[in-house]
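Before anything else, here's the structure in question.
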Amino acid sequence: MSQFQPGQSGNPGGRPKASAKVRELAREYTEQALQVLVQIATEGESEAARVAAANAILDRAYGKPTQPIDGDGEGGAIPTGMTVTFIRPGQTPDEG
């Protein structure tokens, strides 16, 4: 059961101000971090590290690839449907 009333935000103050400060500080190291990723991607000792660094670079340059959504894993349609049952006052659903 929720402790918030309908229409009441679970986070009324919004995102903490500290997270904006942390983000700003982290962005100061973007160039150095990218240089490290490039070094790992080109000179890393393990193939897994090189692949992970290359993926991180591509994600930052172009965004993560979109993930298609389909219903059957083969590109098929997503089955959708809705059943609406009207019930008169005093009537039970199975009295139809």
Side-chain angles (χ1 to χ4, degrees):
M1 177 144 223
S2 174
Q3 60 184 347
F4 301 104
Q5 298 298 318
Q8 180 183 8
S9 172
N11 188 10
R15 187 179 300 243
K17 301 289 185 228
S19 65
K21 291 178 184 176
V22 170
R23 185 171 46 249
E24 184 179 324
L25 288 171
R27 287 180 177 170
E28 291 180 19
Y29 293 95
T30 300
E31 188 174 333
Q32 293 97 322
L34 186 56
Q35 289 172 356
V36 169
L37 286 171
V38 169
Q39 182 179 4
I40 293 169
T42 57
E43 303 170 13
E45 293 185 20
S46 76
E47 186 172 313
R50 291 193 304 272
V51 168
N55 279 327
I57 292 167
L58 292 171
D59 287 349
R60 281 150 186 80
Y62 300 102
K64 293 189 180 227
T66 59
Q67 298 293 315
I69 300 173
D70 60 40
D72 60 8
E74 300 292 327
I78 297 173
T80 58
M82 180 180 357
T83 302
V84 178
T85 305
F86 294 96
I87 304 171
R88 292 187 178 104
Q91 180 182 15
T92 61
D94 56 339
E95 288 179 16

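Quick note: numbers below take in every heavy atom, side chains included, and nothing from hydrogens, waters or symmetry partners.
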Exercise for the section: Only counting residues at least two apart or in another chain, list the ones meeting side chain to side chain contact (heavy atoms under 4.5 Å, CB included) with Ile57. Expected result: Leu34, Leu37, Val38, Ala41
Problem - Connected-component partners of Ile40 among ILVMFWY, side-chain separation under 4.5 Å - result: Val36
Handout entry: CD (Gln32) with more than 12 external heavy atoms under 6.0 Å
Key = yes
Handout entry: Residues in side chain to side chain contact (heavy atoms under 4.5 Å, CB included) contact with Asp59, at least two apart in sequence or another chain
Key =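 Once residues adjacent in sequence are excluded, the partners of Asp59 under the side chain to side chain contact (heavy atoms under 4.5 Å, CB included) criterion are Lys64, Pro65.
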